[in-house]
Chemist: 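Have a look at this one before I ask anything.
Numbering of ligands and ligand atoms starts at 1, following listing order. Start at 1 with the first residue, then count along the sequence.
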Amino acid sequence: MAVMFLRVARHPTLPMTEAHTPAAADDSTIACDLFCAVIDNFGDIGVCWRLARQLAHEHGWQVRLFVDDLHAFQKLCPALDASRATQSVEGVLVEHWHEPGHAGDTLQIADVVIEAFACELPPVYVAAMAERVRKPVWLNLEYLSAEDWVADFHLRPSPHPRYALAKHFFFPGLGPGTGGVLKERTLDAARADFERSQDARAAWWQRATGGPPPGPEATVISLFAYENPAVDHLLEQWRDGPAPVVLLVPEGRISGALARFFGEPAFRAGSQARRGALHAHALAFTEQRGYDPLLWASDLNFVRGEDSFVRAQWAARPFVWHIYPQPDDAHLPKLDAALAHYGRTLPEAPRAALERFWHAWNGRGTPDWAEFAQHLPFYAARANAWAAELGQVGDLAGNLAGFAKSQLK
Ligand code: TRH
């Protein structure tokens, strides 16, 4: 097949809605291609979609997002039409990356090229990158890890074995010297508005559960997790506990366990069930921006993977992490590294209880709700302080944009 090489630095004008016209769209607008292969679940596309929007809306970049699984994407972004090869959504040009060699109908090379999570760029695209007079900035956006080694490897270059190109590793992280994690400029203000407004919270509860918010005596818990045998212990402890627990469960991989516990065929969005002190609601899986208010409406959040783990930290509420399991327990040092950051300033007893609880939730031991719950006020205070600490590392999109610009000079 003949390939047309356009050695242009910019994408053609991307159609953008007025609301999403880039802040700094002018001659210096940077074109960025972001490639995302969905391995499973929603984290790969969740991170890429968030980053793409931030680069477009907050930095004025012209962003093209190549995604191989539009159905997974559509769950987070219902405005997307999964049958279309190319479309503009919220000022981002979305390309269905329908086969590994596909690089758009016309080959154009951007100023900044991001391969997410070591996905492989189309060979024809890499060859064309090498042809460009002004070489693009090529970044491999890695998975988030809180481990210390990340800071040593962040922004290290790796020369291409055949072409005169270098790729830089961009490592998200929780500590200084890393790329940080994604945080939109408007996030704190949106949370503050939600927390301040009784009406906003009441409207949210009505939409999510069909009823009013529970009283202050209830502990509200959101539960987003993979299948997890420890959930049965927790459901029993919540049911038999002395204080009311309101459980909010977005429909997903843990829903089957809830259905079994309540003796129902399914626990689908709109269902609710009560046993003892436990009142559980199944919620619809929302558009990505709709997930944050669930975290803000809860006293404690169970989160998983990468993106919801980050959102829970910005929600500044206590949280429990179900880390993405890897072969040979390779995920456990990552879990402990996150605990070391998050638990750093906690007194010994709450710190040890936090560690035991997180470990039990990740397959090591049995969760003890009473022990964990007695320390919730410590965790709530720490969650606030930690969000401020994490903010010092800077937002990933801003850090990435800053680095890319420094390379383009
Ligand atoms: O879906 P995940 O388990 O994704 C995982 C991890 O990213 C993991 O690191 C990766 O290796 C693996 O995928 C392939 O969890 P995560 O990262 O929290 O992504 C979930 C996304 O779903 C997040 O962007 C929030 C979003 N979400 C909604 O948009 N609506 C919802 O109702 C809920 C519950 C989540």
Side-chain angles (χ1 to χ4, degrees), residues 36-54 65 67-80 89-90 115-119 140-147 150 171-174 181-184 187 204 207-209 221-228 247-255 258 267-270 280-298 301-315 319-327 330-335 337-338 361-362 396-397:
C36 173
V38 175
I39 307 297
D40 60 6
N41 303 312
F42 304 108
D44 304 295
I45 184 57
V47 169
C48 291
W49 178 224
R50 209 179 275 293
L51 174 61
R53 277 180 300 173
Q54 270 192 267
L65 174 58
V67 187
D68 64 351
D69 181 349
L70 293 185
H71 291 282
F73 191 0
Q74 198 187 35
K75 286 273 282 180
L76 310 182
C77 175
L80 188 89
V89 187
E90 297 190 30
E115 59 181 47
F117 315 124
C119 70
N140 175 18
L141 173 65
E142 288 285 348
Y143 282 114
L144 169 62
S145 170
E147 293 164 298
V150 160
F171 275 94
L174 303 185
V181 291
L182 294 169
K183 183 186 189 188
E184 297 83 358
L187 183 63
W204 182 87
R207 266 197 314 277
T209 70
I221 300 174
S222 80
L223 180 63
F224 182 46
Y226 308 115
E227 296 80 357
N228 191 330
L247 188 63
L248 304 173
V249 191
E251 235 183 343
R253 289 176 57 176
I254 197 105
S255 300
L258 274 287
F267 198 57
R268 296 234 167 78
H281 298 269
L283 307 191
F285 193 95
T286 63
E287 185 266 336
Q288 193 180 40
R289 266 175 294 241
Y291 180 56
D292 290 312
L294 169 61
L295 301 171
W296 306 333
S298 303
N301 293 299
F302 285 72
V303 291
R304 74 184 205 194
E306 178 162 330
D307 192 52
S308 58
F309 166 64
V310 170
R311 304 314 278 182
Q313 293 170 70
W314 295 134
F319 72 97
V320 182
W321 187 23
H322 196 180
I323 191 169
Y324 185 76
Q326 288 177 276
H331 54 285
L332 292 178
K334 295 182 183 163
L335 185 79
W361 192 239
N362 286 279
L396 187 151

Chemist: Let me confirm one number: the CD-CZ distance from Glu251 to Phe285, rounded to the nearest 0.5 Å.
Modeler: 10.0 Å

Chemist: Using side-chain heavy atoms (C-beta onward) and a distance below 4.5 Å, is Arg304 in contact with Arg253?
Modeler: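 Yes - at least one pair of side-chain heavy atoms lies under 4.5 Å apart.
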
Chemist: Sequence neighbours left out, what passes salt bridge (charged side-chain N to carboxylate O under 4.0 Å, His left out) with Arg311? Give chain and number order.
Modeler: Glu184, Asp292

Chemist: Near ligand 1, which residues have a heavy atom under 4.0 Å away from one of its atoms?
Modeler: Asp40, Asn41, Phe42, Gly43, Asp44, Gly46, Leu76, Tyr143, Phe224, Tyr226, Pro250, Phe285, Thr286, Glu287, Gln288, Tyr291, Arg304, Gly305, Glu306, Asp307, Ser308, Tyr324

Chemist: What heavy-atom pair brings Ser222 and Asn301 nearest, and what distance separates the two atoms?
Modeler: OG-OD1, 2.6 Å

Chemist: Does a donor on one side chain and an acceptor on the other come within less than 3.5 Å for Lys75 and Gln288?
Modeler: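 No, Gln288 and Lys75 have no side-chain donor paired with an acceptor closer than 3.5 Å.
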
Chemist: Report the relative orientation of the aromatic rings in Tyr143 and Phe117; use parallel for angles under 30°, tilted for 30 to 60°, perpendicular for over 60°.
Modeler: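 It falls in the parallel class, under 30°.
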
